[in-house]
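Proteins get letters first, then strands, A, B, ... in listed order; numbering begins at 1 in each.
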2 protein chains.
Amino acid sequence: MKPRKPNSRDKILAAAADVAREAGPGNLSLDAVANRAGISKGGLLYNFPSKAKLMQALVEQHLRDFDNALEEVHSADGRKNLLSAYIRLSVEECQETEASASWIFSAIAEDPEFLTPLKTFKRKLFERLKAKTPDLKALLVTYLAIEGLRSMTLFEFHTLEDEERQLLIDSLLSLAGADSNIAR
Amino acid sequence: MKPRKPNSRDKILAAAADVAREAGPGNLSLDAVANRAGISKGGLLYNFPSKAKLMQALVEQHLRDFDNALEEVHSADGRKNLLSAYIRLSVEECQETEASASWIFSAIAEDPEFLTPLKTFKRKLFERLKAKTPDLKALLVTYLAIEGLRSMTLFEFHTLEDEERQLLIDSLLSLAGADSNIAR
DNA sequence: TTGACAATACCGTCCAGACGGTACAGTAGA
DNA sequence: TCTACTGTACCGTCTGGACGGTATTGTCAA
């Protein structure tokens, strides 16, 4: 659709995420982002005419990326089990230290409305999962547990040990009916 | 210990939570809190010599309240099943619209370090649960699911319908304590 | 009993700094 | 020439917090 922007926008978005992670979500200022991206503040405001637009773009890019990644993982194992693909992708995402989407906190502080696209995205994804998962109870429990894992990563609660974490993931995958093997 | 402070402090704390909820976590300013509490900014800074102290107190009070409530619920049913008490309390907490601890976002924006007490509290509570719950897998899954529920409440993702929510809760409680059934 | 002092609990004002955003002149590459 | 910036200067607003003042209550010696 759009003719592949010259990566200035992407550089800025990445810089914003970096600043939020490293300087804290409360210190995501335009100056800081511009510095981090290696461009001037004027240049930043040329690409994103307001801070609000920047935040919006951050959310949208995140959603696009996640959606693409999900499609990829799902296709890679023959479009058999969407829930298990969702779980595996989410777990993977939670392990990348570089991810740490703490820019979300900046967005909320700026204006909670920025999360609206995220909400509808989540709701739609859940509907999709519901349509494709026979066991509603298992879906509910695993979906919420993944949401919990995401939350704990975001807040950097290090409540679980590595083994506990692994045991959890195994349990979730088996609840999701991975490998055509349905437990209990 | 302390001779029951004249509830100015409590009033301020409550006001802070209100402001965060109503004006958004990014607009939790000392002026706003003072206005809301019906005292002057000077008075506020007398009770909490800095914004940081206010945030800290907010976190500490939350932890104290949760701990007391847990103790109460746990005692009320004969100290039989800590996990199930934890689940019931958390679910209840998530239903109170008045709760909506969005002041947490303000605290994070201010300085992520404010969550340190919360982290250690959670870790300790989890250890306690682990010691008292025979089925580790069930504990992991239910604990994480509750964490997910909390997260969804906090972010106001309304992904689940009421029935789905109820089904989830029933599943979690049955996973937690196979013995007694739930009346609700 | 009273007067002196002090601690408590606040009020109201002021200020320096940070931040978002504007304006605009200049410039290097396609 | 147009696009995509850079760089600088600047403005208005908001915010934390320092500070000086004040009203009320308590304490205690004379």
Asks: If I take atom CG in residue B/Leu30 and atom C1' in nucleotide D/dT15, what distance separates them, rounded to the nearest angstrom?
Replies: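 Roughly 8 Å, once rounded to whole Å.
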Asks: Let me know, please, whether A/Lys41 or B/Lys11 comes out on the 5' side of the other along DNA chain C by nearest nucleotide.
Replies: B/Lys11
Asks: When the nearest nucleotide of DNA chain C is assigned to A/Gly42 and to A/Ser29 on a heavy-atom basis, which residue is associated with the more 5' position?
Replies: A/Ser29
Asks: Roughly how many Å is it from CE in A/Met55 to P in C/dG21, rounded to a whole number?
Replies: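 Computing the A/Met55:CE to C/dG21:P distance gives 10 Å.
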Asks: Pick out which of A/Arg150, A/Glu147, A/Gln95 makes a side-chain hydrogen bond (donor to acceptor under 3.5 Å, both in side chains) with A/Ser90.
Replies: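 When side-chain hydrogen bond (donor to acceptor under 3.5 Å, both in side chains) is applied between A/Ser90 and each of A/Arg150, A/Glu147, A/Gln95, only A/Arg150 qualifies.
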Asks: Given C/dC10, D/dT6, D/dG17, which nucleotide is nearest the side-chain atoms of A/Ile39?
Replies: D/dT6
Asks: How many Å lie between CG on A/Leu45 and C1' on C/dC19, as a whole number?
Replies: 12 Å
Asks: Would you indicate, yes or no, if D/dA4 has its OP1 or OP2 atom less than 4.0 angstrom from a side-chain nitrogen or oxygen of A/Tyr46?
Replies: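 Yes, within the criterion.
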Asks: What is the nucleic acid contact for B/Leu44, judged by heavy atoms within less than 4.0 Å: base, sugar-phosphate only, or nothing?
Replies: nothing
Asks: Figure out the CG/P separation between B/Asn35 and C/dC11, and round it to whole Å.
Replies: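 Atom CG in B/Asn35 sits about 11 Å away from atom P in C/dC11.
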Asks: Using a strict cut-off of less than 4.0 Å between a Lys/Arg side-chain nitrogen and an Asp/Glu carboxylate oxygen, indicate whether A/Glu164 and B/Lys130 qualify as a salt bridge.
Replies: yes
Asks: Just the rounded figure in Å: distance from P of D/dT15 to CZ of B/Phe48.
Replies: 19 Å
Asks: Can you see if the side chain of B/Asn47 gets near the phosphate of C/dA9 - specifically, an N or O under 4.0 Å from OP1 or OP2?
Replies: no
Asks: Does B/Lys51 use its side chain to pair, donor to acceptor, with the backbone of B/Leu28 at less than 3.5 Å?
Replies: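 Checked: pair present.
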Asks: Just checking B/Leu28: base, sugar-phosphate only, or nothing, at a heavy-atom cut-off of under 4.0 Å?
Replies: sugar-phosphate
Asks: Please state how far atom CD1 in A/Ile12 lies from atom P in D/dA4, giving the value in whole angstrom units.
Replies: 13 Å
Asks: Calculate the interatomic distance between A/Asp31 atom CG and C/dG20 atom C1'; express it in whole Å.
Replies: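 In whole Å, C/dG20 C1' lies 9 Å from A/Asp31 CG.
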Asks: For this output row, return yes or no: ring centroids of B/Phe155 and B/Phe105 closer than 6.0 angstrom.
Replies: yes
Asks: Where the side chain of B/Ser50 is concerned, which of D/dG17, C/dG21, D/dT6 is the nearest nucleotide?
Replies: D/dG17
Asks: Can you tell me the distance, in whole Å, between the CZ atom of B/Arg9 and the C1' atom of C/dC10?
Replies: 15 Å
Asks: Under a 3.5 Å threshold, yes or no: a donor from one side chain and an acceptor from the other, between B/Gln166 and B/Asp162?
Replies: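 No, because no side-chain N or O of B/Gln166 sits under 3.5 Å from a partner of the opposite role on B/Asp162.
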Asks: Given C/dG20, C/dT8, D/dT3, identify the nucleotide with an atom nearest to the side chain of A/Lys51.
Replies: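 When the side chain of A/Lys51 is considered, C/dG20 is the closest of C/dG20, C/dT8, D/dT3.
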Asks: Can you check whether B/Ser8 has a side-chain N or O nearer than 4.0 Å to OP1 or OP2 of C/dC10?
Replies: yes
